[in-house]
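Beneath this line is the structure, given in structure tokens, with notes to follow.
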Amino acid sequence: MDQFITTYGFLIIMMMLQAVLALSLYLPLMAGQLSLATPGFFAIGGYVAAVLSTQKFLPAPGTTFPEPLQSFVTWLATVFPLTPTGQGFPIGLVLVEMVIGGLLCGLVAILIGLPALRLRGIYLALATIAFVEVLRVVSLNLPITGGAIGIFGIPQPFPTDATKFSYIVIALPFLLLCMAYVYRLERSRVGRAFIALREDELAATAMGINPTYHKVLAFAMGAVMAGMAGAMTAHVLNTWNARQGTFDASILILAYVIIGGSRTFLGPVVGALLLTALPEVLRQVAGIDGLPDFLAAFLRDGRLVIYGFLIAFGVLSFPQGLLTPELLKRKKKASAPLPPTGGG
Amino acid sequence: MKKSFFAVSSVSLALMLGVGAAIAQDAEPIRIGVAVAQTSNVALLGQEQVIGAEIAAQYFNDLGGINGRPIELVIQDTAGDEAGAINAFNTVIAEGVVGIVGPTLSQQAFAADPIAEAARVPVIAPSNTARGIPEIGAYIARVSAPVALVAPNAVRTALEFDPEIQRVAVFFAQNDAFATSETGTFQETVTALGLELLPVQTFQTTDTDFTTQITNILPLNPDLAIVSGLAADGGNLVRQLRELGYEGLIVGGNGLNTANIFPVCQAFCDGILIAQAYSYSYENEVNSAFRDIYFEQQGKEPPQFSGQAFAGVQVFVEALIELDNTVGLDTLDLAATRDQLNTTLLGLTYDTPLGVISFTPEGEINQGTFYVAQISMNEDGQTGSFVFVNTIDVTAEATPEATPAS
Amino acid sequence: MELTTLLQQLINGLSIGSVYAIFALGYTLIFSILGIINFAHGAVFTMGAYFTYALIGSRFGFNGIFANAQLPFGLPFPLALIAGGVLAGLVGVLIERTTFRPLRRRGADPLLTLVSSLGMAVALVNLIQYFVGAEAYSYPSSVLAGLPPSINFGTPEKPLIVRTVQIVIAIISLIILVGLTLFINKTKTGRALRAVSEDGTTASLLGINTDRLIVLTFFISGFVGGIAGTLVGLSVTITGPYFGIAFGLKGLAVIVLGGMGNIPGAVLGGLVIGIAENLLPASAVAYKDAIAFAILFIVLLVRPQGILGRAQITKV
């Protein structure tokens with residue numbers, strides 16, 4: 001078990017955080033909006049955590065918050081338990097950073113979303129890609145974000161844990177909360193309004209659903225989740241820089257949702273867990289003794305070839321994604337007749 | 001790695017036979033991790049590092065390994081990102097390595113080195129030259145001299161070549177941590193030498209067209225151009241500078257310090273000055289051996305990235321031998337071996353292909369000699385070589401001035 | 001900005017703009033028929049460059065499965081350029097067969113095709129690295145033998161310099177553009193293509209073989225992409241397996257600006273973005289890479305159909 005955690009502890013944390021990112025892309029998609037802005041919010045959240053924890057939360061003179069905010073922060077740090085060793089960065093402050101990062105992202109999302117969400121389909125996707133790219137170039141040029149080097153030496157709540165597995169005490173509840181939130185949302189009035197907009201915007205509007213309000217709401221909810229995930233990831237990675245929010249990440253997160261299934265909140269989560277683990281699983285498979293040399297070499301050096309083909313052909317084999325609402329229902333009532341499956 | 005399928009060269013064959021002769025069959029190998037970028041767009045640098053590390057493993061096993069016990073490299077791909085580096089570090093740590101050579105990029109080091117630090121596994125950085133790497137922790141050391149020591153030598157050499165230099169154009173890749181760090185040093189050097197720094201021009205490592213930046217600068221009549229980037233973008237920038245009529249000297253940063261730049265700027269590469277932390281022409285026993293094996297395998301002279309990776313493995317091997325002689329490796333469990341290996345390696349002096357090196361208590365390299373090479377292209381415009389034009393002995397000088405954060 | 005500098009930057013903008021344009025043509029062709037962006041186009045572009053490299057009889061490097069491999073013959077460059085384009089076109093057809101057609105047959109969400117083509121792009125790029133390594137490859141300098149590296153259109157005191165290879169690219173882009181326009185407007189197949197792009201269902205009811213036309217479109221897109229890859233490779237060398245991917249994102253901005261699926265629009269979009277990037281003040285050059293995307297964002301908000309596009313279609 002120790003061996004397992006040493007090798008995979010970090011990976012498990014990353015899988016959970018990526019699952020939150022998948023949910024953040026899933027939320028606007030629930031309302032029929034294909035937004036690829038998640039990595040942008042993820043990056044903002046990470047910078048918030050990196051700047052706060054390296055510059056603002058440290059007890060150096062002149063770098064504190066104005067009162068009474070600083071008193072509040074200090075109070076939080078004492079109320080929330082410190083790490084087991086008692087000398088790490090307070091977990092409470094990580095949570096504060098996540099909240100600040102999330103709120104900031106929500107605000108940015110509303111500002112961007114109001115004009116941009118008039119766009120549909122691929123046009124919205126392109127606008128959000130543009131947002132991510134502009135943000136990347138800006139963060140390379142702002143002094144506070146540290147240029148290409150970024151911000152490093154981010155303080156650790158678990159300084160003695162090399163595997164990073166201790167982050168599970170934040171990551172797991174965070175993921176479960178996000179999942180519970182989206183689960184409840186899907187069954188709430190607002191969530192049903194989202195789905196109605198996705199299925200038929202015209203009909204939904206006729207029924208009195210305000211499209212702009214609901215679309216911006218879904219977009220902002222996703223942004224808050226991505227920002228919070230970013231804030232935590234900055235601590236997990238020890239460092240943060242402009243390469244964290246890129247187009248490549250947009251695509252990867254979209255792949256989580258599409259491969260996992262875009263019609264139920266479990267789909268994105270499963271997709272993210274599987275796709276994040278895949279390259280590492282291939283790495284271990286390549287290391288199995290007794291494989292023919294050429295196969296081991298291909299698994300090792302051609303990992304990403306396999307990864308790419310799996311995404312391409314995964315979509316072909318599971319056009320609805322791995323998990324569909326129908327599949328979940330079938331599990332529940334094994335005897336119930338199958339609903340017809342059609343194109344999305 | 002891949003090459004071993006196609007051609008087992010006579011040298012490596014001989015070495016393998018040698019290993020069998022020198023080392024007891026039943027001795028359990030000591031594992032050293034090599035975690036560098038073998039995929040992604042920095043794969044080229046990582047591939048050079050793997051070659052250097054593998055040659056070192058062969059060479060030292062041939063000499064008898066660690067008092068008869070062979071060393072075994074555990075090579076893992078970090079790809080080009082932070083998470084990949086952390087995963088690779090965790091994988092090699094779980095495989096029971098006594099120390100790690102890696103990662104390739106400074107950005108990755110800021111993410112992955114704290115992992116090794118917390119696991120108390122010593123790390124030798126083979127190519128991380130940004131500020132603040134040894135300061136990550138007690139278990140982090142580097143054989144790659146910091147940019148503040150290496151880079152200024154090229155500018156000083158350019159001034160020796162052309163004392164008339166007045167106006168200096170500086171270009172750097174703003175999305176690359178190394179180039180950003182390096183350009184800070186270059187700009188400070190230019191100012192410190194009393195030269196005029198023209199408006200700094202930035203680009204991205206993914207760019208291929210630099211005519212905008214060049215057109216901004218050429219009307220200001222620069223006498224010297226300094227380029228910090230990677231091979232493909234840096235090479236293209238040099239080529240377009242020349243094509244658009246720039247005739248002055250060009251200084252390249254460490255990212256251009258590879259033969260991979262030759263196909264990019266072709267005949268226009270000729271004359272680029274690049275400061276070096278390694279010279280294949282350095283004369284000592286270990287470098288001659290390294291150079292011969294490398295040439296035999298690759299058909300060219302070893303580059304700096306391979307030389308530094310070799311030195312990284314060598315530091316572990318010699319420190320392990322010392323530890324075995326003083327304490328005895330079989331009396332130590334893995335954790336104690338890692339712990340004491342770290343203390344031991346910081347205290348020794350090594351005669352490596354880089355010259356004689358040692359470490360400060362913090363893990364920073366003490367390296368006595370640096371070089372400046374000039375690229376000389378052949379008639380065909382496709383192949384060329386680094387000709388060493390200057391050797392700078394820094395041991396004679398006072399301790400280098402500290403550079404403020406870039 | 002001084003007049004000469006301004007003119008020089010305009011010329012720079014036109015030459016990089018023609019590179020953006022020739023890249024974006026491949027995107028826009030497929031979008032015009034299917035309403036889908038083929039993200040694997042960057043990989044096809046890259047492969048075209050490598051095909052030509054192999055066909056002129058050059059040797060591959062030390063890394064990768066093809067270490068030191070070399071064809072037993074070498075074609076002259078113009079022939080290899082076209083043959084490389086044809087091979088890239090065939091790769092395009094292969095992509096259509098394996099990733100686009102099965103999904104289209106099922107009437108799947110276009111989003112799936114987008115992701116599938118992205119998976120294909122990841123696989124192809126890494127396949128290239130697996131076979132030939134990550135090093136840069138360049139065509140021998142004899143390809144443009146006899147031509148000077150650059151031409152000065154100004155005076156020695158007030159130079160206006162253009163890289164020769166950029167002139168070659170601009171000319172070939174123009175030839176391809178004219179050829180494509182003639183093909184689409186004047187030939188029977190071209191008119192059928194237009195019918196399919198207007199309305200695929202009606203076109204197939206009218207007896208047009210949609211599948212055959214889609215394959216043809218992928219071939220042309222790959223062919224143009226392959227030729228573009230070789231030409232850009234001639235200009236800046238094949239910088240590695242990620243060579244074409246770097247243009248992929250800018251290409252998106254270009255086709256949106258020009259109007260999605262609009263061929264002259266792609267060219268116009270490329271030139272506008274190229275010029276805009278070059279007219280940035282020298283002190284703001286750090287933001288050069290953000291220009292295309294800032295334009296993209298603004299155009300989407302103000303005129304989503306692009307400069308030459310028609311009113312917004314609701315294809316996803």
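A, B, ... follow the sequence lines: proteins, then strands. Residue 1 opens every chain. In this text, all values refer to a predicted model and were calculated from it rather than measured experimentally. Below, all heavy atoms of this structure are taken into account, side chains as well, without hydrogens, waters or symmetry copies.
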What part of [X] gets within 4.5 angstrom of chain C, counting heavy atoms only: side chain, backbone, both, or neither?
X	value
B/Asp380	backbone
B/Pro199	neither
B/Phe262	neither
B/Gln382	side chain

Problem set entry | Reference residue C/Asp289; test side chain to side chain contact (heavy atoms under 4.5 Å, CB included); the match among B/Asp207, B/Asn175, B/Thr202 |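 That would be B/Asp207.
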
Using non-hydrogen atoms only, which part of [X] is less than 4.5 Å away from chain B: side chain, backbone, both, or neither?
X	answer
C/Ser235	backbone
C/Glu277	backbone
C/Phe247	side chain
C/Ala246	side chain

Using atom types as modelled and distance alone, determine if a side-chain donor or acceptor of [X] lies under 3.5 Å from a backbone N or O of [Y].
X	Y	answer
C/Thr237	B/Val264	no
B/Gln201	C/Val285	no
B/Asn236	C/Val236	yes

Exercise. Do we see a donor-acceptor contact under 3.5 Å between the side chains of B/Asn216 and C/Gln9?
Worked result: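 A donor-acceptor contact under 3.5 Å links the two side chains.
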
Exercise. Under 3.5 Å, is there a donor-acceptor pair between the C/Asn12 and B/Thr215 side chains?
Worked result: yes

For this session: For residues B/Thr212 and C/Leu280, determine if any side-chain heavy atom of one lies less than 4.5 Å from a side-chain heavy atom of the other.
Result: no

Atom [atom1] in [X], atom [atom2] in [Y]: separation rounded to 0.5 Å?
X	Y	atom1	atom2	result
C/Gln8	B/Leu218	CD	CG	8.5 Å
C/Lys288	B/Gln213	NZ	CD	4.5 Å
C/Ile16	B/Phe210	CD1	CZ	9.5 Å
B/Glu243	C/Gln166	CD	CD	9.0 Å
C/Tyr20	B/Asp209	OH	CG	6.5 Å
C/Thr239	B/Asp233	OG1	CG	9.0 Å

Problem set entry | Closest non-hydrogen atom pair, C/Ala134 against B/Ala43 |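 What the structure gives for the nearest pair is CB-CB, 4.0 Å.
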
